[in-house]
Every structure is written in C-alpha cells, then in structure tokens.
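To start, the structure itself, in structure tokens.
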2 protein chains.
Amino acid sequence: MVTRVETAAATRRALVDAAGALLDAGGPDAVTLREVGARAGVSRSAPYRHFADKESLLAAVATEAWSEVGDALEALVAEPAARPEQALRQALLAMVEIGRTRPHLYRLMFAAPAADPTVVVRAAERTQDLFLEIVAAVVGQGAARQYGGLLLSSAHGVTHLEISGHLLEHKWQATGEQLVDLLIGLLPMD
Amino acid sequence: MVTRVETAAATRRALVDAAGALLDAGGPDAVTLREVGARAGVSRSAPYRHFADKESLLAAVATEAWSEVGDALEALVAEPAARPEQALRQALLAMVEIGRTRPHLYRLMFAAPAADPTVVVRAAERTQDLFLEIVAAVVGQGAARQYGGLLLSSAHGVTHLEISGHLLEHKWQATGEQLVDLLIGLLPMD
DNA sequence: TTGTTGAGATGACAACGTCAACTGAAACTG
DNA sequence: CAGTTTCAGTTGACGTTGTCATCTCAACAA
C-alpha cells in the first residue's frame with residue numbers, strides 16, 4: 001500500500017536527485033525544470049507542487065550538499081584524533097576534494113544569497129560550528145574564532161580559485177594540497 | 001567626420017558599459033541582450049556584430065575588470081613603498097573592496113571557465129604577475145611563489161565568502177580586514 | 001457514498017538567446 | 001566619378017525556458 005504522502009515524498013526526493021545529477025553532468029544551464037521533471041518521472045511543472053520555484057529547488061540541492069559536508073566533519077570530530085592538526089588538514093582538504101569532484105555543486109553551495117537565504121545559511125552554520133571545534137583542538141579555544149574564519153576562507157579560496165582556472169600552477173607552483181599544508185604550518189600550535 | 005570604425009568602436013564600448021551597469025544593478029539575470037542593446041542605443045541583436053554570443057560579451061566585461069585591478073596593482077608597485085607589507089595589505093584589501101562594492105562583477109571575474117578561457121585568464125595573469133612582485137617585497141623572492149598563491153587564495157576566499165553571506169561574523173568575530181591583517185601577521189618577514 | 005484535497009498533467013504565454021534575411025551607408029576599386 | 005564591396009545595424013522568426021491557470025483524478029474524510 002502506497003499512501004499519498006509517501007509518493008509525494010518520493011517525488012520530491014527524485015526531483016532533488018535529478019537536479020543534482022543534471023548539475024553535475026552539464027552545469028547550471030543543464031538544469032531545466034522540464035528535464036528535471038522528466039528524469040524524476042513526472043512532467044514539467046510538477047516541481048511546483050514541491051518547491052516555490054526553480055531557485056527553491058536548487059536551494060534544496062545546496063542544503064543537502066551542506067548536510068553531507070556536515071556529516072563528514074561530524075565523523076572527524078567524533079574520532080579520537082590523536083593529532084588535531086591532521087583532522088584539520090582532512091577537513092580543509094575535504095573542501096578541495098568536493099570542489100574538484102563536483103565543481104558545479106560546489107559553486108551552487110556558495111552562490112549569491114537568495115531572497116530568503118535562511119535555509120541554506122542554516123545548513124552551513126552547523127558545518128561551520130563543527131569546523132570551529134576542529135580548529136579549537138589545534139590552536140586552542142581562545143584563538144579558534146579568528147583563525148577559524150581565516151582557515152575556512154583560505155580553504156574556500158584555494159578551492160574556488162582552482163575550479164575557476166585562476167590558480168595558475170605554473171605561476172604559483174603550488175597545488176591545493178600544498179597551499180593547505182603551508183597554511184597549517186603557519187598556525188600557532190596550542 | 002565620423003568614420004565607420006569609430007562608430008563601431010563606440011558601440012562596442014557602449015555595449016560593454018551597458019552590460020556592466022546592468023550586472024551591477026540587477027545581477028546576472030538582469031543582463032539580457034535586449035536590454036543591453038537598448039541601453040547602448042542599438043537593437044537586440046546588434047551585439048552579435050561585436051561579440052560571438054552573450055558569453056563573449058560578459059567575458060569582455062570580466063576582462064576589463066581584471067585590467068582595472070591590474071592598473072591598481074601597477075600603481076602600488078610603482079610607488080617607492082617604504083613598508084612592503086603595507087602595499088601587500090592594500091593589494092589584498094583591494095580585492096575585498098571590489099567584492100563589496102560590485103559583488104556581481106566580482107563573481108563574474110571568477111566565473112566558471114568558458115569554452116575558450118584564454119581571454120579572461122590572460123588578463124588575470126598580468127594581475128597575478130604584479131601581485132607576485134608585491135609579495136616578493138615582503139617575504140623575499142624565493143618564498144614569494146608559494147606564499148603568493150596562498151595570499152591570493154585567502155584574500156579571494158575572504159571576499160567571496162563575505163559576499164556569499166557565508167562569513168558569519170557572529171561566529172568568527174572577524175571582518176574581512178581583520179582576517180587579512182591576521183594572515184599578513186603570520187607571514188615570515190624577509 | 002459523497003465531498004474534499006492535493007499531486008500531477010496540459011495548454012498557453014511572455015521573455016530570452018540566436019540565426020537568417022534584409023537595408024543602407026561608408027569604404028574601396030577601376 | 002560610377003560601380004562594387006563591406007559591414008554595422010534592423011527586423012522577423014524559431015526553439016527553449018520559467019511560470020501560471022486550468023483541468024483531471026485518485027487518495028482521504030465525513
């Protein structure tokens with residue numbers, strides 16, 4: 001027996017998945033409501049039963065991506081972490097990694113704030129709370145707040161520059177990993 | 001006497017200016033070829049006499065923006081610069097500044113690489129060469145290449161995070177300026 | 001059973017990027 | 001000078017897109 005709310009939830013899932021798949025495969029322009037609907041097995045304007053408009057659908061995709069990053073960080077925090085700076089390194093490289101494997105999704109996560117940015121920002125906030133914990137284990141509770149902002153910004157900058165083709169390796173002679181390591185080396189250890 | 005090449009050049013200028021103005025005023029979605037043409041005093045498909053397509057027009061806007069940043073850096077390099085780290089600070093804060101005043105243009109400058117990214121990248125290359133000089137004056141010629149990549153990435157990350165609404169001040173208790181100063185303070189002075 | 005609800009389908013519309021065909025004046029050629 | 005070419009610009013049209021109004025119909029409530 002399939003209830004109505006069950007099929008509705010399943011459709012919503014299929015819509016978000018389809019949008020994400022199209023985004024990965026062909027970039028933002030490839031995400032059309034018609035194609036999203038087709039892949040989800042419904043028709044072109046069915047998404048309007050689940051999202052206010054196209055922007056809201058994309059916001060849902062971004063929110064899920066942030067949640068996944070949050071889960072990864074949560075795993076890092078949960079571990080014993082003999083070497084705190086190793087956990088920090090993994091956290092920063094996780095950003096570089098997702099940027100490389102899913103650049104369009106990464107861009108979406110940092111897209112221009114929507115009319116009502118609360119949904120995406122709230123998901124990002126949890127992520128940054130966890131990140132703050134990881135940083136505190138390295139530089140201490142007191143300095144974590146300022147260094148956390150710098151570390152997050154730098155890792156994002158490295159990632160975003162790299163997927164934009166602006167991190168010219170022949171000029172800087174540095175990969176994303178090397179820049180992350182260089183940054184961590186500059187930190188005052190607690 | 002107005003020659004044909006003169007009016008053509010003038011039209012091209014007007015098109016680029018109109019596109020930039022529309023971008024600043026209403027974001028990427030507000031830049032339609034029809035409106036660009038109208039503001040430039042020509043009609044909807046006139047831009048195709050000057051640019052291959054809409055993407056090429058936007059690439060021209062981005063290229064000009066990179067040139068302006070390059071000019072600003074050139075002025076910094078030309079000065080005597082009693083304190084090299086002050087020049088570096090100004091260079092980094094220039095990125096934060098343009099991001100704040102013209103966020104949509106800033107995003108365009110770091111947009112996804114086009115099919116043929118050579119045009120934009122070449123303009124960015126000059127900018128980064130100048131930036132390399134400024135960095136070398138602070139950390140020395142040898143270390144400039146690795147630290148330059150880090151500094152550029154970090155400043156971009158701070159700026160991009162800020163205009164994306166993801167640099168949560170209540171969490172990190174740090175403005176863009178403070179993060180830039182913090183980063184500079186970490187550098188090994190030559 | 002009958003009425004209500006809400007997910008989905010369909011038709012339609014305006015706006016958009018883009019192209020083909022056309023126009024006219026400047027620039028060149030003899 | 002006349003004839004020809006070139007090319008910036010216009011207009012008409014086409015396919016695609018996001019979105020809305022309307023309709024359908026199965027799940028639920030009474």
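Side chains included, hydrogens not; waters and symmetry mates left out as well; all remaining heavy atoms used. Chain letters run A, B, ... following the sequence lines, proteins first and then strands; every chain starts at 1. Keep in mind it's a predicted model, so treat the numbers as computed, not measured.
Here B:Asp129 pairs with A:Lys171 in a salt bridge; the nearest charged N to carboxylate O distance falls below 4.0 Å. A salt bridge links A:Glu35 with A:Arg39; the closest basic N to acidic carboxylate O contact falls under 4.0 Å.
Nucleotide D:dC23 holds its P atom 14 Å from the CZ atom of A:Arg49, rounded to whole Å. One can place CG of A:Leu15 at 11 Å from C1' of C:dA7, the figure rounded to the nearest angstrom. The CG atom of B:Leu58 sits 14 Å away from the C1' atom of C:dC16 (whole-angstrom rounding). Residue B:Leu22 contributes atom CG, which lies 11 Å from atom P of C:dC16 at whole-angstrom precision. Following rounding to the nearest Å, A:Leu33 (CG) and D:dC20 (P) show an atom-to-atom distance of 11 Å. D:dT17 atom P lies 19 Å from atom CD of A:Glu55, rounded to whole Å. The nearest whole Å value for the distance from the CG atom in A:Asp29 to the C1' atom in C:dT18 is 14 Å. D:dG18 atom P lies 10 Å from atom CG of A:Leu57, rounded to whole Å.
Proximity note for A:Ser45 (side chain, C-beta onward) versus D:dA13, C:dG11, C:dT10: the nearest is C:dT10. Side-chain proximity of A:Lys54 to D:dC28, D:dA8, D:dG18: nearest is D:dG18. Proximity note for B:Val42 (side chain, C-beta onward) versus D:dT17, D:dT10, C:dT18: the nearest is D:dT10.
Contacts of A:Val31 with the nucleic acid, taken as non-hydrogen atoms under 4.0 Å apart, involve only primed sugar atoms and P, OP1 or OP2. Nucleic acid contact class of A:Thr32 (heavy atoms, under 4.0 Å, all strands): sugar-phosphate only.
Heavy-atom nearest nucleotides on DNA chain D were determined for A:Arg34 and for B:Arg44, and the one closer to the 5' end corresponds to B:Arg44. Along DNA chain D, the nucleotide nearest to A:Tyr48 and the one nearest to B:Arg12 differ in position, and the one closer to the 5' end is contacted by B:Arg12.
A ring-centre distance under 6.0 Å is found for B:His156 and B:Phe110.
Contact check for A:Leu161 versus A:Ser164: no side-chain heavy atoms found under the 4.5 Å cut-off.
Contact between the side-chain N/O atoms of B:His50 and the OP1/OP2 oxygens of D:dG9 is found at a separation under 4.0 Å.
To the nearest 0.5 Å, atoms CG (A:Leu150) and CG (A:Leu187) are separated by 8.0 Å.
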